[in-house]
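Worksheet: one structure, shown below.
A, B, ... follow the sequence lines: proteins, then strands. Residue 1 opens every chain.
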2 protein chains.
Amino acid sequence: MPLPPSRRAASIADVARLAGVSAQTVSRVSNGGARVSADTRARVVEAMDRLGYMPNHAARALRSGAFRTIGLLAHRFERTGEAQTMSGVIDAARAEGYTVTVVDVTATEDPSGWEAAASRLTQQAVDGLIVIRAEHETPDSLTLPRGMPVVVSDSRLVGQYTAVVADQIEGTTDAVRHLLDLGHRAIHHISGPDDSEPALARADAWRQTLLAAGVAPPTAWTGDWSARSGYELGRRIAEQGEATAVFCANDETAFGLIRALHERGLRVPQDVSVVGFDDIGLAEYSSPPLTTVRQPFQRIGHELVRLVLARLAGGEAPARERVVVPCELIVRETTAPPRS
Amino acid sequence: MPLPPSRRAASIADVARLAGVSAQTVSRVSNGGARVSADTRARVVEAMDRLGYMPNHAARALRSGAFRTIGLLAHRFERTGEAQTMSGVIDAARAEGYTVTVVDVTATEDPSGWEAAASRLTQQAVDGLIVIRAEHETPDSLTLPRGMPVVVSDSRLVGQYTAVVADQIEGTTDAVRHLLDLGHRAIHHISGPDDSEPALARADAWRQTLLAAGVAPPTAWTGDWSARSGYELGRRIAEQGEATAVFCANDETAFGLIRALHERGLRVPQDVSVVGFDDIGLAEYSSPPLTTVRQPFQRIGHELVRLVLARLAGGEAPARERVVVPCELIVRETTAPPRS
DNA sequence: GTGAAAGCGCTAACAG
DNA sequence: CTGTTAGCGCTTTCAC
C-alpha cells in the first residue's frame, strides 16, 4: 500500500507558472543554467524561492537512468574496520555528489541473508555497489545484477570483483619481524576465523615470516576476532606458558588476551609481548598502549568509491583491478625484548 | 552531466510483450497479485524470470510519491553509540521494508556542515529523517523541510522534535549510588563537552545524586568523550590525589583514565574505582573489566524508526513525543570499596 | 534565448 | 479477471 503522495512539493510546472516562463526554462536554470537571459533567470530564481522549489529526485532518476547513489553492503559495522571504511566511503561519495545507501546483514546470520540483502539492494535505487566484508559469502552465492559495478574490500569476493585491500602481508611481516628483532622466538598467533580471507592472509604471513627467519611456527590459535576469543585463548596460552610474544589478528583479540594475561599475573610486555592489528581508537589507551598494525580504513573507503565511480563512468568494465594500500606498524608499549 | 541510461533493465512493458498480456497485469502480479488467474500469473512470472525483471524504483517513487527510504544524519559513527544506534535503525528499517541513506558530517567540522548535510539530504530521496547526535547544532541552525517527519536522538534538538533518549539520569544515579554504597565520598566526574546535551544531563545527575546523599560534589573535570581527554585529565586527577572514585561520561574516557592511573602506579579498583558509560564491546575486556552503564542503543534505533514511520503513516504530526528508554548499570571489576 | 512535445517506468482509475 | 488511458516531474530533442 503505497503512501499517499502527501504534501507535494512545488514542481517545475508550478515555478514556471509563477514566473511566467516555460517549464523548459526553469529546468535550464535549475541545472547550471546556460543560455538563459539574466532577466528571465532572476524571475525564475525568485519564483523558486517563493515556492521553496526542490527538484524531485525520483523524476530525475527516472529520466536520466542514474540515481547518483551507491549501495553499501556490510555487516557488524559497530566494528572499527567496518565503521571507518564506511566513513571513508560516505565521505568520498559525498565529495562526488553521491549518496550512500546502507544495507546491513548483521541480524540475519544465515548465509541466505546476504543474498536477500544483495537482491534487496539491487531492487533499490543504486548505481553501483560496494561490498565490505562478505565473509560468509562464497563467490557464487552472491547474485548481483549483471552490469552493475561492484567493488569489494577484504572478502572472499576478492578475485571475483575489482577489489581494494590493505596489504595484510606487509603489515603482518613488519609486526612479526619487529618481534623477531626484539629477540623473540616463541611468537604465537591468535588468528581470525578460518572462513575469513584476511584472517588467513595474516596467519599465513606470520608463518612465512617465522619460517624465513628459521623459526618453526607453532600451531596458531584460532579465534573469531572477538575480545572474548582473545580472552579465552589467552588463558590457555598463559597456562601453556610457552609464548613470549603473541601476534593477534586484531586489536579486540589483543585486548582480551591482555586481560587474560593480567589475570594470570603475567605482565605485558615484561613477561609477554603483544601486537594487535587495526589500530582502533582505543589501542593507544589500553594499559599499556598497544603496539599494532594500522590499517588505512579511510583510504580504503575512498579508493572503493573512486573505483565504483570509474566503472560507472567508463561504461565498459575494465579488467578486475586490485588496489593494495599499505599498512603501518605502530610501535607502542606492549612489546619489549623477552626476559632472560 | 547525467550518466547515460546504460544497460536498461527489463521493464514491465518488456515482460508484458513476452507474456502476451497487458502491462497492467504484469503490474498486478508484481505487487501481491490479487485478481489474476493462476494461468496468466504463471506466464507472467515466467517472463519476468526470463528477462530478469526488476521493478524500477525511480518510477515507482515518482508515481507513488514515497521513496520508502529514511535519511540518517550522524557524525563520527566510528563511535560505539552512533554505530550501534545506526545498526538498530537499519535493522528496524529493513524489517519495515525501508532503506536507509546515510549522511555523515564528520569531515566538515564547521557548523555549516550540518546544514549543508541536511539540505543535501532533503534534496535526496527520503521520506523521513533521523538525526543522531547533532551536538554542534542549535535548534534553528538546522533547517529541515517543512512537513518531513524528523525524529532525533540524544541531541540539543530534543524538545524541538520528537525524540528518543536513553534515561541518562537513571543510569547516572545508579552508577553514583553504587559508588556511594561502596563507601566512596570523593567521587569525581570526567564529563563530556559542555555543548552536549547528554553530557550535561550526566554531569547534573551526578551532582544531584551526591547532593542528595549529603556529599558536596567537587568541580567536574571537563572532557570531550575521547580516551585522550580521559588520559590527560586522569593524570591531573592522580596528581591531585583526592578522588577515590571517578565516574566517567563514557567508556572511552574511562579507558584513558585507567591508563593514566596505571602509569602513576595507582591500582584500579584498589586505589581508585572507575565507572564508565555506554558499555562498549571492549568494556568487558579492559583490565580489569569495566563497571559501566549500558545504553540500549539498538533499542533506541528501533524506536527511532518506529516513530518516523508512525509520523509517515499518520500524516498529521502527533504532539512531539519523547520516548525514554532505560539504562542498566553493569557492575564489573573496576569498582570496590575505598581503602580505609 | 525560449517554447512545445514526447517519454522515462510505473500504477490508479475506469472500462469491459 | 483483464485491458486502456492517463499522468507523476523531469529533461532531451527539435523548432522558432
- Would you jot down, in residue-number order, the residues of residues 15-22 of chain B having a non-hydrogen atom under 4.0 Å from DNA chain D? B:Val21, B:Ser22

Between [X] and [N], is there a contact of a side-chain N or O with OP1 or OP2 at under 4.0 Å?
X       : N     : value
B:Ser37 : D:dT2 : yes
B:Thr25 : D:dG3 : yes
B:Thr40 : D:dC1 : no

- Item | Polar contact flag, side-chain donor to acceptor under 3.5 angstrom, B:Thr40-B:Ser37 | yes

Per [X] side chain, nearest of listed nucleotides [options]:
X       : options              : result
A:Arg63 : C:dT11, C:dG9, C:dA6 : C:dA6
B:Gln24 : C:dG9, C:dT2, C:dT11 : C:dT11
A:Pro55 : D:dT2, D:dG7, D:dC10 : D:dC10

- Item | Partners passing salt bridge (Lys or Arg N to Asp or Glu O under 4.0 Å) against B:Arg322 (at least two apart in sequence or in another chain) | none

- Task: For A:Glu96, check salt bridge (Lys or Arg N to Asp or Glu O under 4.0 Å) against everything at least two apart and list the hits.
- Result: none

- Message: Just to verify, what does A:Arg306 make a side chain to side chain donor-acceptor pair (under 3.5 Å) with, not counting sequence neighbours?
- Response: A:Glu303

Run the side chain to side chain contact (heavy atoms under 4.5 Å, CB included) test against [X] and tell me which residues pass, sequence neighbours left out.
X        : result
A:Val26  : A:Ile12, A:Val15, A:Ala16, A:Val21, A:Val44, A:Met48
B:Val308 : B:Ile130, B:Pro149, B:Val151
A:Gln84  : A:Thr80, A:Phe297, B:Glu78
B:Asp49  : B:Val45

- Message: For A:Arg68, is there any backbone N or O sitting under 3.5 Å from a side-chain donor or acceptor partner on A:Asp127?
- Response: yes

- Report yes or no: does B:Thr101 contribute a side-chain atom to a donor-acceptor pair with the main-chain N or O of A:Thr101 at less than 3.5 Å? no

- Query: Taking five pairs at each end, how big is the angle between the two axes of the helix from C:dG1-D:dC16 to C:dG16-D:dC1, to 10°?
  - Reply: 40°

Sub-3.5 Å pairs of nitrogen or oxygen atoms, protein against nucleotides 14-16 of chain D:
none

